[in-house]
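What follows is a set of notes on a single structure, which appears directly below.
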Amino acid sequence: MLSPSLLSANFANLEAEMTWFNQSSADWLHIDVMDGVFVPNISFGFPVLKHVARICQKPLDVHLMIVQPEKFIGEVKALGAYLMNVHYEACPHLHRVVGQIHEAGMKAGVTLNPATPVCVLKDIAADVDLVLLMSVNPGFGGQKFIPHTLDKVRELRELLDSTGSHALIEVDGGVNMETGKLLRQAGADVLVAGNAIFAAPDPAKACEELAQL
């Protein structure tokens with residue numbers, strides 16, 4: 001599966017970006033909400049996302065890179081989001097937040113930063129629908145892929161199988177044709193790609209090629 005990242009889109013012409021995107025091979029639209037506190041950058045807020053949600057015809061994969069993400073479950077639900085993803089590092093009461101996301105009618109995802117070991121998910125793995133492994137330090141697009149992520153994908157696959165979890169494995173950061181192929185071989189289910197798609201000469205073609213990995 002492929003979830004192109006809105007963070008790399010042309011914000012001066014989002015309607016045009018969504019026009020080709022809606023006809024593309026993408027499965028979801030990945031939306032990174034950053035607050036400048038949990039990560040050292042600010043991306044976009046819900047006023048912008050309401051307009052994106054109106055014209056996007058793909059399921060929304062909303063990734064909250066913010067402190068206290070549970071405060072915005074209602075806003076994410078109002079977008080019509082398919083999946084709400086929160087960081088393990090930002091949620092001291094993660095089990096409660098996952099339950100609240102499910103109660104709101106959305107799939108629940110949990111993200112791990114590069115330095116956070118997979119083992120911390122042992123007691124929550126069976127309750128989540130997706131685990132996102134950051135393959136760069138979160139906050140900015142266009143960063144170089146961290147190779148150790150391949151080992152984490154394999155380790156996460158073993159953990160999910162051992163706990164009986166059906167969660168998908170998603171990877172975000174430095175994903176292109178080369179790293180995407182390696183990630184798929186390692187066991188990743190969903191690839192998040194930004195610059196590799198939106199900065200390509202033909203984004204729709206790049207999307208199709210990545211989706212076929």
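All values derive from a computational prediction rather than experimental measurement.
A 4.5 Å side-chain heavy-atom check between Ile66 and Val37 finds every atom pair outside the cut-off. Residues His87 and His63 form a side-chain contact, since some pair of their non-hydrogen atoms from C-beta on lies under 4.5 Å apart.
For the pair Lys107 and Asp61, the salt-bridge criterion is not met [side-chain N within less than 4.0 Å of a carboxylate O].
Closest heavy-atom contact between Ala188 and Val171: CB-CG2, 4.0 Å. When all heavy atoms of Pro117 and Leu112 are compared, the closest pair comes out as O-CD1, 3.8 Å. Nearest heavy-atom pair, Met134 versus Pro114, reported as atom, atom and distance to 0.1 Å: O-CG, 3.6 Å. Of all non-hydrogen atoms in Leu213 and Gly180, the two that sit nearest each other are CD1-C, 3.7 Å. Heavy atoms only, all atoms of each residue included: Ser3 and Leu29 are closest at OG-C, 3.7 Å.
Taking CD1 from Ile55 and CG from Asn22, the interatomic distance works out to 7.5 Å, rounded to the nearest 0.5 Å.
Qualifying ring pair (Phe, Tyr, Trp, His ring centres under 6.0 Å) partners for Tyr82, counting only residues two or more places apart in sequence or in other chains: Trp28.
Put simply, the side chain of Lys58 gets close to the backbone of Ala26: a donor and an acceptor are under 3.5 Å apart. No donor-acceptor pair closer than 3.5 Å links the side chain of Ser5 to the backbone N or O of Ala193. No side-chain donor-acceptor contact under 3.5 Å links Asp32 to the backbone of Leu7.
Remark: the Ser24 side chain and the Glu208 side chain contain no N/O donor-acceptor pair separated by less than 3.5 Å. No donor-acceptor contact under 3.5 angstrom links the side chains of Thr116 and Asn113, judged on distance only. A side-chain N or O of His102 and one of Asp129 form a donor-acceptor pair less than 3.5 Å apart.
Around CD of Glu178, the count of heavy atoms belonging to other residues, nucleotides or ligands within 6.0 Å does not exceed 12.
Note on ring orientation: taking the six-membered ring where Trp is involved, the planes of Phe11 and Phe44 are tilted (angle from 30° to 60°).
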